[in-house]
Structure formats: structure tokens, C-alpha cells
Amino acid sequence: MKAPAAQQISALLHGLGSPSDAEFLGRFFKTGKGQYGQGDRFLGIRVPVLRAQVKAHPAIALSELRKLLRSSWHEERLFALLAMVRRFERSDQDGRAAVYAMYLRHTQYINNWDLVDVSAPHIVGAYLADKDKSQLYAMAVSECLWQRRIAMLATFAFIRQNQFDDALKIARILRGDPHDLIHKAVGWMLREIGKRDSAAEKTFLDAHAARMPRTMLRYAIEKFSPSQRRHYMTL
């Protein structure tokens with residue numbers, strides 16, 4: 001069977017869209033003027049439906065995924081990223097390098113938190129797990145909100161391997177970030193570290209909690225006991 005082209009996938013996805021879901025998703029992902037997702041467009045397709053379509057079309061070429069990743073439609077970009085993750089996980093080292101390189105060249109299209117979260121740990125983090133991680137540190141100080149979130153979320157791959165150093169260093173870089181979506185990302189990764197090594201998380205919090213944004217801190221201490229949460233919130 002011939003692999004589908006981007007145009008065929010796009011037509012398929014447009015047929016699966018729901019106007020009411022599109023309206024809801026546009027509000028949920030803050031697409032209004034001045035909001036972080038300003039101007040993004042939604043077809044109205046839920047993630048499980050997209051994942052099913054990715055699974056049903058495993059042979060789509062990387063060049064065709066590139067076209068979808070550059071789409072103005074959110075779900076087409078999400079489809080491309082989910083397909084890239086699937087391709088990465090099933091590829092040899094050369095194939096993984098190709099997916100990773102394409103990902104880095106297109107970060108301007110990975111421009112909402114859901115797009116980052118479903119892809120950064122599984123492509124960027126997975127690729128860099130046994131390699132030099134200077135790319136993450138460069139992204140952590142980027143002016144682009146989404147590159148900074150990619151840098152933090154990529155460390156989830158290392159955290160899952162009980163390797164916390166890079167996650168903690170990037171959390172330190174981003175501690176004073178002005179954006180709420182970075183506060184949530186850093187707090188989330190600190191919480192994940194704490195699930196595996198509570199002492200490592202508490203050492204970081206003892207040093208930085210007093211200067212952390214409240215949202216970041218609340219995310220980080222969500223699983224703590226009430227007395228521990230009070231302790232860190234009152235530092």
C-alpha cells in the first residue's frame with residue numbers, strides 16, 4: 001500500500017473535526033489576542049482520535065510529516081509530532097538523528113504546551129540521554145517560550161532514568177522565568193524528581209523555594225504532606 005501524503009492526512013483530519021470541539025479547544029489553549037496561543041486554529045479533534053490515526057498510518061514519510069508540522073492547523077501539527085515520536089521509537093540511530101534534527105529545525109511550529117509535552121521528552125530528551133546536552137542549556141535561555149519549555153520537558157527522559165542533574169540545573173536557570181507555563185513545567189519536573197528521590201527535590205527546594213514563583217512551588221510540592229507544604233509555602 002502506498003504511504004499517504006500530507007495532503008491525504010490533512011483531508012482525513014478535516015473530516016474528523018468538530019466545530020464545537022474546535023471552539024472549546026480554541027478557548028482552552030488561549031488563542032485570543034495577546035494570549036500565548038494567539039492565532040492558532042483548531043479542527044476540533046481529541047487526542048485519542050489523533051493517536052488512533054497515527055497508529056493507522058505508520059508509513060508516512062518524514063518529508064510529508066514536515067509539511068504537516070508546518071501547518072496552520074493545530075491538530076495537523078500534533079499529528080505530525082505524534083507520528084515523529086512513533087517513528088523515532090521504531091528507528092535505528094540514523095533514523096532517530098533525522099527525526100531529532102527535523103524537530104530542532106521546526107521548534108517555531110511546536111508552539112503550544114501540549115505540542116511540547118507529547119514530544120520533547122520522547123524525541124529531544126530520548127536522543128540526548130547519552131549525548132552532550134548543551135543544546136538544552138541554549139534553549140533554556142532562549143527568548144522563545146516554547147524552546148524554554150522544550151528544554152525543561154526534555155529532561156523528563158533523564159528523570160525517568162533517575163538522572164536528575166540536568167533537570168535540576170535547568171530548573172535553576174528557569175526559576176525566575178516570567179511565564180506561568182514555565183512555572184508549571186519546572187514545578188512538574190521537580191515533582192517527578194521527588195517521586196523518585198524526595199531528598200533531591202527537598203535539597204533544591206531548601207535552596208530555592210523562597211524565591212520561586214508560587215505556581216512553580218505549588219506544582220513542586222503537590223504530593224507533600226500538609227505540614228511540608230505549609231513549611232515551603234511560608235519560607
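Values in this document were obtained by computation on a predicted structure and should not be read as measured data.
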Minimum heavy-atom distance between [X] and [Y], given as atom pair plus value:
{"X": "Val54", "Y": "Ala83", "answer": "CG1-CA, 3.8 Å"}
{"X": "Leu205", "Y": "Leu235", "answer": "O-CD1, 4.5 Å"}
{"X": "Pro213", "Y": "Arg175", "answer": "CD-O, 3.1 Å"}
{"X": "Ala209", "Y": "Tyr232", "answer": "CB-CD2, 3.9 Å"}
{"X": "Arg46", "Y": "Asp21", "answer": "NH2-OD1, 3.1 Å"}
{"X": "Ile45", "Y": "Gly17", "answer": "CG1-CA, 3.9 Å"}

So how far is it from [X] [atom1] to [Y] [atom2], rounded to the nearest 0.5 Å?
{"X": "Ser71", "Y": "Arg41", "atom1": "OG", "atom2": "CZ", "value": "7.5 Å"}
{"X": "Gln163", "Y": "Arg196", "atom1": "CD", "atom2": "CZ", "value": "12.0 Å"}
{"X": "Leu128", "Y": "Asp166", "atom1": "CG", "atom2": "CG", "value": "9.5 Å"}
{"X": "Lys184", "Y": "Thr215", "atom1": "NZ", "atom2": "OG1", "value": "7.0 Å"}
{"X": "Met189", "Y": "Tyr219", "atom1": "CE", "atom2": "OH", "value": "11.0 Å"}
{"X": "His183", "Y": "Arg218", "atom1": "NE2", "atom2": "CZ", "value": "12.0 Å"}

Worksheet entry | Set of side-chain contact (heavy atoms from CB on, under 4.5 Å) partners for Lys30, sequence neighbours left out |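 In terms of side-chain contact (heavy atoms from CB on, under 4.5 Å), with neighbours along the sequence ignored, Lys30 is linked to Gln35, Tyr36.
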Indicate yes or no for a side-chain donor-acceptor contact from [X] to the backbone of [Y] under 3.5 Å, with no hydrogens or angles considered.
{"X": "Arg86", "Y": "Leu82", "value": "no"}
{"X": "Arg96", "Y": "Tyr127", "value": "no"}
{"X": "Gln8", "Y": "Ala5", "value": "yes"}
{"X": "Arg214", "Y": "Met212", "value": "yes"}
{"X": "Glu64", "Y": "Ala61", "value": "no"}
{"X": "Glu75", "Y": "Phe42", "value": "no"}
{"X": "Arg87", "Y": "Ile60", "value": "yes"}

Discussion item. Listing request: all side chain to side chain donor-acceptor pair (under 3.5 Å) pairs with a residue in residues 148-158, at least two apart in sequence or in separate chains.
Written reply: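 Found Asp117-Arg149, Arg148-Asp177.
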Could you check whether any side-chain heavy atom of [X] comes within less than 4.5 Å of a side-chain heavy atom of [Y], counting everything from C-beta outward?
{"X": "Asn162", "Y": "Asp197", "value": "no"}
{"X": "Ile123", "Y": "Val99", "value": "yes"}
{"X": "Ile9", "Y": "Glu76", "value": "no"}
{"X": "Pro58", "Y": "Arg90", "value": "no"}
{"X": "Tyr100", "Y": "Lys131", "value": "no"}
{"X": "His122", "Y": "Phe88", "value": "no"}

Discussion item. Name the residue from Phe29, Phe79, Phe28 that meets the ring pair (Phe, Tyr, Trp, His ring centres under 6.0 Å) definition with His74.
Written reply: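 Among the candidates, only Phe29 passes.
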Worksheet item: Is Lys133 positioned over the aromatic face of Tyr137, cation under 6.0 angstrom from the ring centre and no more than 45 degrees off axis?
Response: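 Judged by the rule, Lys133 and Tyr137 form no cation-pi pair.
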Item to complete: For Thr107, enumerate each residue passing the side chain to side chain donor-acceptor pair (under 3.5 Å) test, keeping only those at least two apart in sequence or located in another chain.
Response: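 Here the qualifying residues are Gln147.
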